2 protein chains.
Amino acid sequence: MSKAPFTTVINLLRAQALVQDRFSGELGSVHGLALNEALLLMHLEKAPLRRLTRVDLAKRLHASPSTVTRMAMPMEKTGLVARQSDPRDARLAYVALTEAGLTLVGEVRKTLERRSAELFRDRWSDAEVASLGKLLGRITAGELGDLT
Amino acid sequence: MSKAPFTTVINLLRAQALVQDRFSGELGSVHGLALNEALLLMHLEKAPLRRLTRVDLAKRLHASPSTVTRMAMPMEKTGLVARQSDPRDARLAYVALTEAGLTLVGEVRKTLERRSAELFRDRWSDAEVASLGKLLGRITAGELGDLT
DNA sequence: GTGTAATACTTGCGTTCGCAAGCTTTAATG
DNA sequence: CATTAAAGCTTGCGAACGCAAGTATTACAC
């Protein structure tokens, strides 16, 4: 009987909920950012010119374009991100990482790395963590937007 | 270099987003349920008298009690769930699975099992799926509410 | 070129959710 | 008992989100 896939999926959902709970708090209180906003900045950091269009961002964040538009608005006001247009294609409105945003995303990354390490600090060997990361990576293998 | 925990966490977030996208559609169109509603029913199915208080459900769903109250309302209208009170403690308002709810949750479970199997159908060995499930289970080891 | 389709973005609307406040009921303290 | 604390639930409010519709711009077909 092969209910292993089902068990795996359920465990995935539960693990993600736990991680999100653990991380959202500190991310908000320390950096003033929601988890989704942090991911948005990290995607920009990895992008070619540190900028992405709204639809590209939406795909990477598994969100709708309207959500990205609304997420970018307050981050533009606080100067983490700037709006850029493309001279070649007037439809495009890039979300570009500013210097302030670049600085912040570095700190955010450090926070996430520290919290991630804490998550596996007890009862986990390095090999187990690496193995889990590799297996999870295979689920999203075809997708774009690697943040590591 | 010990960025493995960070990579693992990022991959976990991405994998969950993909799974949620994949499952929400069919779950909604076939059974008329959101993923959270399906999880709620499955928690009730596993509970001692097939019923749980709202705060217990909230903990298991990683949601707030008010969210559970609001989730239960339409499901009560459609007869999947019934409200029960406790003669010993008048504060308690159980969410109890009805016969219709029990029938539906069985079908929902089959759908989820089938979709889960599809998720790993290509490029995954049984051992790899089982290994991933086991590792993910360790993240939420201390929590209550096992759905398998 | 001209008309049609496709793409990128934004906005209105409804839904879902958490937080804080409030109500009711039970537990604990003296 | 009486009083205070705690627990469970609900409601008001605001924030975040997706969908559908609308606008503007580019690409394609002929």
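Naming convention: chains lettered A, B, ... in sequence-line order (proteins, then strands); numbering from 1 in each chain. What you see is a predicted model; the values in this text were computed from it and never measured.
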Per the under-4.0 Å heavy-atom filter, residues of residues 13-29 of chain A near DNA chain D come out as none

note: A:L33, atom CG; D:dA16, atom P; distance rounded to Å ~ 12 Å

Open item on the list: Could you check whether any side-chain heavy atom of A:E45 comes within less than 4.5 Å of a side-chain heavy atom of A:R109, counting everything from C-beta outward?
Closed with: yes

Between A:E37 (side chain only) and A:A34 (backbone N and O only), is there a donor and an acceptor less than 3.5 Å apart? yes

Given protein heavy atoms under 4.0 Å, the one-letter contact record of nucleotides 7-13 of chain D, with B base, S sugar-phosphate only and - none, is simply BSSBBBB

For B:L92, the other hydrophobic cluster members (4.5 Å side-chain criterion, sorted by chain and number) are B:Y94

The side-chain contact (heavy atoms from CB on, under 4.5 Å) partner of A:L80 among A:T103, A:L44, A:V95, A:L33 is A:L33

B:D86 atom CG is separated from C:dT26 atom C1', nearest whole Å, by 12 Å

Problem - Sidechain N-carboxylate O distance under 4.0 Å for A:E107, A:K110 - result: no

- Would a 4.5 Å heavy-atom cut-off, applied to side chains only, mark A:D56 and A:T53 as touching? yes

Item to complete: Looking at every strand, decide which applies to B:A63 at a 4.0 Å heavy-atom threshold: base, sugar-phosphate, or nothing.
Response: sugar-phosphate

- prompt: Can you check whether B:T148's main-chain N or O pairs, donor with acceptor, with A:T7's side chain at less than 3.5 Å?
  reply: no

When rounded to whole Å, the CZ to C1' distance for the pair B:R88 and C:dA27 reads 16 Å

Atom CE of B:M75 and atom P of C:dT16 are separated, to the nearest Å, by 12 Å

OG1 (B:T8) and NZ (A:K134) are apart, to the nearest 0.5 Å, by 12.0 Å

Rounded to whole Å, the CG-C1' distance (A:L57 to C:dC9) equals 13 Å

